[in-house]
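Note that the structure is predicted; figures quoted are calculated from it, not measured. Below, all heavy atoms of this structure are taken into account, side chains as well, without hydrogens, waters or symmetry copies.
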Amino acid sequence: MIDLRSDTVTRPTPAMREFMAKAEVGDDGYGDDPTVNLLQEKSARVTGKEDALFLPSGTMANVVAIMCHTRPSDSVILGKNAHSWLYESGSIGAVAGVLPIIVGEDGTFTWEDVNANAKGGDVHMAPTTLVMMENTHNGGGGIVFPQKWIVEICEKAGFWGIKTHIDGARIFNASIASGKPAAELCAPVDSVSFCLSKGLGAPVGSMLCGTRDFILKARRYRELLGGGMRQVGIVAAGGVWALDNHVERLEEDHANAMVLARGLKDIKGLRVDLERVHTNMVFIGLEKDGLNAFEYAARLGELGVKINAMGKDFLRAVTHLDVSWSDVTRAIDLFEKALA
């Protein structure tokens, strides 16, 4: 099977498995796991932040960040189809107790969007205390959030005392695509989270990075949510290996995504906007009468391509560590065959 459903399906490489098996461990509840501590130090350094915290998932990392920056009954500004709003089981409201305000059209937005929608100065409204940006933006097709917009948002939000956070689940894809170091992309914001288990290929885990005081507060909320762990260095070692060995290779995934996009664009019945293929995602419109995306995905599955339908007339393909150039070229033929 050629699995294009998500970069979450990646499996640890043999070298990563060997490194994990040899990891030195301790009790992370006491801060005594040397491999976790190493991962946190590396994560803080690569994002340019003072400190970092290892968490079981990106969902937990984001909701902990929200809890640190807000109080229940505050409001948070996010882009359209933001992961924290759409895919995190409603934790933004159910756990953090805040009101999401959705702005923009493709997941990105400007300071003008923030300024037009932020609440405050009226006791009848939920005051806006946080702006969350997603980079790259999953729901927008893996697009890179323009850095100049992030800089302006952070500068002007900070003036009004509004905190800023990047959901950087795929921040290293944004780094490779933009040619800017991750630390530069993260410099304007108060905090950033990133996933180890997507394009980086580790089996589990996410990082949350910010100031030392922020991370101290985040550690408490991680414990409140049941995210405290013990001899977890075995798992954290996968993240250490990924940061050392799997960041630069993301360029291969981006190249494979563009090969796929160009091949699918030439198939009658499919629609692909090449200008929207920034990283490792390809959004595919379906234009064949009498066939919806869910049926088309099922046909592709029978032929050997796993893919997710994202609506009745479009699908998302994601390239990753376990998808080669030959897989992509073979998949193009199968996409055409599935339309027949």
Side-chain angles (χ1 to χ4, degrees), residues 23-76 84 88 91-92 94-98 127-135 154 157-158 160-169 171 182-183 185-197 202 204-240 243:
E24 187 178 356
V25 301
D27 191 327
D28 185 50
Y30 290 107
D32 291 342
D33 192 304
T35 307
V36 173
N37 293 340
L38 175 61
L39 174 60
Q40 291 172 164
E41 291 165 7
K42 282 180 175 288
S43 298
R45 186 164 58 249
V46 77
T47 57
K49 300 304 180 186
E50 288 182 351
D51 205 354
L53 185 66
F54 181 46
L55 297 104
S57 71
T59 294
M60 185 179 287
N62 280 336
V63 76
V64 165
I66 294 169
M67 294 168 76
C68 288
H69 289 312
T70 68
R71 296 173 300 178
S73 81
D74 285 354
S75 62
V76 178
S84 289
E88 296 181 5
S91 60
I92 191 169
V95 180
V98 297
T128 301
T129 53
L130 177 64
V131 178
M132 290 184 67
M133 295 152 281
E134 191 175 327
N135 198 16
C154 293
W160 292 106
I162 299 172
K163 298 295 185 180
T164 52
H165 173 74
I166 286 180
D167 174 359
I171 193 68
L185 299 182
C186 301
V189 294
D190 294 296
S191 62
V192 59
S193 59
F194 68 83
C195 282
L196 300 165
S197 60
V204 68
S206 283
M207 306 304 300
L208 182 59
C209 311
T211 65
R212 290 186 180 89
D213 287 344
F214 170 81
I215 293 301
L216 184 63
K217 192 174 183 181
R219 188 177 295 276
R220 190 258 168 171
Y221 283 127
R222 183 186 70 171
E223 188 67 23
L224 184 149
L225 297 177
M229 299 172 283
R230 299 300 181 182
Q231 290 75 25
V232 74
I234 296 171
V235 177
V240 172
L243 287 176

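Between Met207 and Ala52, the closest heavy-atom pair is CE-CB, 4.3 Å. A pairwise comparison of heavy atoms in Asp190 and Ile162 identifies OD2-O, 4.5 Å as the closest pair. Here the shortest heavy-atom pairing between Cys186 and Ile171 reads SG-CG1, 4.1 Å. Heavy-atom minimum distance, Ile66 versus Ala96: CG2-CB, 3.6 Å. Counting all heavy atoms, side chain and backbone alike, Pro56 lies closest to Val204 at O-CG2, 3.5 Å. Nearest heavy atoms, Gly48 versus Ala183: N-CB, 3.9 Å.
A salt bridge is absent between Arg219 and Asp51: the closest approach of a Lys/Arg side-chain nitrogen to an acidic carboxylate oxygen does not fall below 4.0 angstrom.
Atom CE of Met67 is separated from atom CG of Leu224 by 5.5 Å, given to the nearest 0.5 angstrom.
Ring geometry for His69 versus His165: interplanar angle of 30 to 60°, hence tilted.
Judged purely by atom type and a 3.5 angstrom limit, Asp32 has no side-chain atom pairing as donor or acceptor with the backbone of Gly26.
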>> Asp28 vs Arg222, test: salt bridge (Lys or Arg N to Asp or Glu O under 4.0 Å). Steps then yes/no.
In response: CA-CA 12 Å; Asp28 185 50; Arg222 183 186 70 171; 3.5 Å; yes
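More than 12 heavy atoms of other residues, nucleotides or ligands lie within 6.0 Å of NZ in Lys49, so this atom counts as buried by the packing criterion.
Donor-acceptor pairing under 3.5 Å is lacking for the side chains of Ser206 and Ser57.
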